[in-house]
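Right, one structure below, let's go through it.
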Amino acid sequence: MERYDPQAIEARWQAVWADERAFETPNPTDPANDERPRAYVLEMLPYPSGDLHMGHVTNYTMGDVVSHFRRRTGFQVLHPMGYDSFGLPAENAAIKSGGKPAEVTAHNIARIREQMLRMGWSIDWSRELSTSDPAYYRWTQWIFLQMFERGLAYKRTAAVKWCPQDQTVLANEQVVDGCCERCGAEVEARDLDQWFFRITDYADRLLDDMDQLENWPERVLTMQRNWIGRSHGAEVVFRVVDSEAEIPVFTTRPDTLFGATFFVLAPEHPLISELVQGTAAEAEVMDYVRRRSAESVADRMRDDRPKTGVDTGRRVVNPVTLEEIPVWVSDYVLVEYGTGAIMAVPGHDDRDHAFATLFGLPIRQVVAAADGEVDVQVEAYTSAGEDALLVNSGQFDGLAVSEAKSAVAAWLAEEGRGETKTAYRLRDWLVSRQRYWGAPIPIIDCPSCGLVPVPDADLPVVLPEIEDYAPKGRSPLAAAEEWRSVPCPTCGAAALRETDTMDTFVDSSWYYLRYISAHDDTQVFDKAAVDWWLPVGQYIGGVEHAILHLLYSRFFTKVLFDAGFVGFEEPFANLFTQGMIYKDGAKMSKSKGNVVAPDAIVNRYGADALRMYVLFMGPPDQDKEWSDNGVLGPSRFLDRLWKAVQRIASEVPGEALPAAPSGAEGAALDLLRLTHQTTKRVTEDIDRRLQFNTAIAASMELLNGIEKARDELIGDPVGGQVLRHAAGTLVCLVQPFAPHIAEELWEQLGGSRLWESPWPVVDPTLLVSDTFTCVAQVNGKVRERIELPRGLPQDEVVRLVRELPKIAEHIAGREVVKEIVIPDKLVNIVVK
RNA sequence: GCGGAUGUGGCGGAAUUGGUAGACGCGCACGGUUCAGGUCCGUGUGGCCGUAAGGUCGUGGAGGUUCAAGUCCUCUCAUCCGCACCA
């Protein structure tokens, strides 16, 4: 008997699949009339650093299991792969090594592809794409221009986050705790002229359409909801005393307007210098403003910062009390939210209260709990609730908070002092970057025509070859004088190209559409085919993309829908986020030196064992701890599977998967039942629950059952066929997880092309036996078990249970109060 | 502070509908085979008491509902993650 040699059989089957183009699925020729069931199974595309890591292995193996399963249950399966290949690491590596980013990237893609092939994933390689390929980014640029034409891409000067290490601006989403998400450097605030996508126009739809995303993890939906941060409230306009100026504020609590006893501007508020010019407070205020702006973003985001501020000496009029209240400047007000100014209600807001207490400003209660008393000594009254009542609020006294919100807003509108308004935390998406290795923004800046789009016929705007990629605070492309100088497409005058490149998240916001038409150079994608395949049936990836990539992709899809390019508004119908793999309690990382390289495991145990282990480790959506010994479990399982199936294949003649023989009894019948119970469990675990760990455990149980019964059954005509039936079924069930060994064993059993053979069918009559283990309880405690025929009358079951010596002993001399019978399951006798 | 999750043997975890807690695997112990390979096969493996039969406790903690609770309810503790001076 041959030994199980994973290296040999894995290489063999990978070659077969490649030769036969086994996993290529063409688009339908007539999508409009094609009713075949289809499944678009997609995993988030990798950034091609040289090495595949365990996260990739888990991610792509999960997708592969689903793909195989769908394929074998009658679906057209689209399972593509590509590379998110623009970005800083390749550029930084090129700067370091003196090579070119394109070469570094090509080399890394070749390496990661080779490792992917070794994992044996059933990928449609005919659709492979890289986002840094001009044939791809041509269409990224085209989409940018679609945005531009619709006013959704625009350029403006704004306070933006600048990473001094990477020498580029960052999107809000890429700043974590005041630091650059990529390199960890503290970011700075700078005023720069930058390109934005108007994602805020879609804030409501991005929020409201989440109702359609039923099969998304709750935590991802919550994170997106928080990130968009919609609040309903009102804008209230305050008039400045002795001035023409009026300053609007946003508040979610217009009902507390009577309690607004002071007013605060963010240090960056544009009106400050005008307000304090020539006043006694000017020097002090401007000094405060300067000091705040010199502070780093990280400092400003620190927890438990003490409040600071300065009085401008100016006053505004509270529109409802007509009181003049002081205007302060403080950095606890954020310039980028609402209007950059607030009405402070220290009686009912913790932050305002802290500020008022620190600077001795008046605190007034204007809301009281329905049954509470007015007590101005109370520290803060913020938790009063929606049914609390207004006090000290003139004509609004006695109204409940919920009523007062709209009543005050209506009054303000009547008086022309405000209106209802909605504010969002979401900012527009800053997409320009001052780096080389990205898609050039296809815009030409003409002195007379302004910003002019590059004509479609001139796309792509190909990245020029340059000598020096090092970042210098402006795009390295600015140095490519010849490339940069072009005639204006509109007037023909000498003009200059935009030299910034696009954020790589732009590239990955639409790649799932391009797979449909990966090689079409006449259009971005074929709409009919896209509408046939999408939305993606199952999307799988890391939770770290919960807001960035997943929000941007939803935005892109909605823009393309509005423009008529796609027929759906949400790209990903079902989302699954996998847990992360830890080692020694920490995330695997080179700096910690706790990385386990998939390649090393494949060399030692084979790809099949690694594939099984990453899924067997635990529930796929939870974080898992890597254990070097853990891989032995699946590895031994495959070795035992190999021996068991080989022996059956050689000693019992028959088909690869013969029908379940009739006339089986005893151990043969037990194994037959176990086989069908296992088929049911594995099928449901993959199809309905995505619980791969329990599917694998069930397969192991079936193998244990086969081994246990083998010696008894192997010589028997019926028993032998039961063994063959069980072995063939097990090979089928294991195939999505360990496709190489499954294919090899299938062949030894006499079958061929398992990857396209039908999934085993459950015979429902073989799921239940004619007896059951009746659990006998006394007062809820298990005292005995007894094997009884199914469907026995209840009083008969009770009689038999009460006759059991142990049960009789426990009820002897006590009064039986109640007898609970759960048919075909248990009996509980309650005694006193 | 707001929001989301998670707590079960020495370890990873199972228990899908309130009905046998600990499936499956790792590790460990003992025995065997082969003999120096991270081998294979068998048996056992939650704690405590007991030679055993058996008993008893047991799913972070405290209450509760129920004939019956890892599962439902109330309170509470711990850990992890996301957002956070968002008015």
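Excluded from the calculations below are hydrogen atoms, water molecules and symmetry mates; all remaining heavy atoms, backbone and side chain alike, are included. Below, chain A is the first sequence line, B the second, and so on; all start at residue 1. In this text the structure is predicted, and so the values were computed from the model without any measurement.
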Nearest to the side chain of A/Arg783 - B/C85, B/A87, B/U56?
B/U56

Quick check on A/Lys307: does its NZ atom have over 12 non-hydrogen neighbours (other residues, nucleotides or ligands) under 6.0 Å away?
yes

Please determine, for B/G27, whether a Watson-Crick or G-U wobble partner exists with both distances under 3.5 Å, and give it or none.
B/U45

Taking the side chain as every heavy atom from C-beta outward, state whether A/Trp216 and A/Gln224 have any atom pair closer than 4.5 Å.
yes

Shortest side-chain distance from A/Thr251, nucleotide among B/A87, B/C85, B/A23
B/A87

Could you pull out the closest heavy-atom pair between A/Pro267 and A/Tyr288, with the gap in Å?
CG-CE2, 4.2 Å

Has A/Arg225 got a side-chain N or O lying under 4.0 Å from the OP1 or OP2 atom of B/C83?
no

The Watson-Crick or G-U wobble partner of B/C75, with both key distances under 3.5 Å, is B/G61

Do the ring planes of A/Phe262 and A/Phe355 sit parallel (below 30°), tilted (30 to 60°) or perpendicular (above 60°)?
parallel

Of B/G25, B/C24, B/A14, the nucleotide closest to the side chain of A/Asn693 is B/A14

Does the ring centre of A/Trp626 sit less than 6.0 Å away from the ring centre of A/Tyr613?
yes

Among B/C57, B/G19, B/G13, which nucleotide sits nearest the side chain of A/Lys781?
B/C57

A/Glu246, CD atom: more than 12 neighbouring heavy atoms under 6.0 Å:
yes

Counting only N and O atoms by type, is there a donor-acceptor contact under 3.5 Å from the side chain of A/Arg790 to the main-chain atoms of A/Ser769?
yes

So, is A/Asn629 close to the B/G12 phosphate, meaning a side-chain N or O under 4.0 Å from OP1 or OP2?
no

On RNA chain B, nearest-nucleotide positions of A/Val782 versus A/Gly630: which is more 5'?
A/Val782

May I ask you to evaluate whether A/Lys806 reaches the phosphate of B/G55, defined as a side-chain N or O under 4.0 Å from OP1 or OP2?
no

Check if the side chain of A/Arg604 and the base of B/G38 share a donor-acceptor pair of N or O atoms closer than 3.5 Å.
yes

Nearest-Å distance, OH (A/Tyr613) to C1' (B/G12)?
7 Å

For B/U6, does OP1 or OP2 lie under 4.0 Å from any side-chain N or O of A/Arg219?
no

Taking only side-chain nitrogens and oxygens of A/Arg689, does any of them come within less than 4.0 Å of OP1 or OP2 of B/A15?
yes

Winner on side-chain proximity to A/Leu334, out of B/A87, B/G19, B/C83, is B/A87

Between A/Lys818 and B/C67, is there a contact of a side-chain N or O with OP1 or OP2 at under 4.0 Å?
yes

Listed nucleotide nearest any side-chain atom of A/Met223, set B/U16, B/C40, B/G82
B/G82

Take A/Val543 and A/Asp352, find for each the nucleotide of RNA chain B with the closest heavy atom, and name the residue whose nucleotide sits nearer the 5' end.
A/Val543

Counting side-chain heavy atoms from C-beta on, which of B/C85, B/U20, B/A14 comes nearest to A/Val775?
B/U20

Could you work out which one of B/C24, B/A15, B/G19 sits closest to the side chain of A/Thr694?
B/A15

Does A/Arg425 put a side-chain nitrogen or oxygen below 4.0 Å from OP1 or OP2 of B/G82?
no

Counting only side-chain N and O atoms of A/Arg636, is one of them less than 4.0 Å from OP1 or OP2 of B/C26?
yes

Syn or anti for B/G9, please, going by whether the chi angle lies within 90° of 0.
syn

Picking from B/C85, B/G19, B/C40, the nucleotide nearest the side-chain atoms of A/Ile820 would be B/G19

Sugar-phosphate only, base, or nothing, as touched by A/Val220 at under 4.0 Å among non-hydrogen atoms:
nothing

Remember a base hit wins even if backbone is also touched, and classify A/Ile822 as base, sugar-phosphate or nothing at under 4.0 Å, heavy atoms.
base

Which nucleotide, in any strand shown, forms a Watson-Crick or G-U wobble pair with B/G3, with both distances under 3.5 Å?
B/C81

Choosing from B/A87, B/C24, B/A14, which nucleotide comes nearest the side chain of A/Asn704?
B/C24

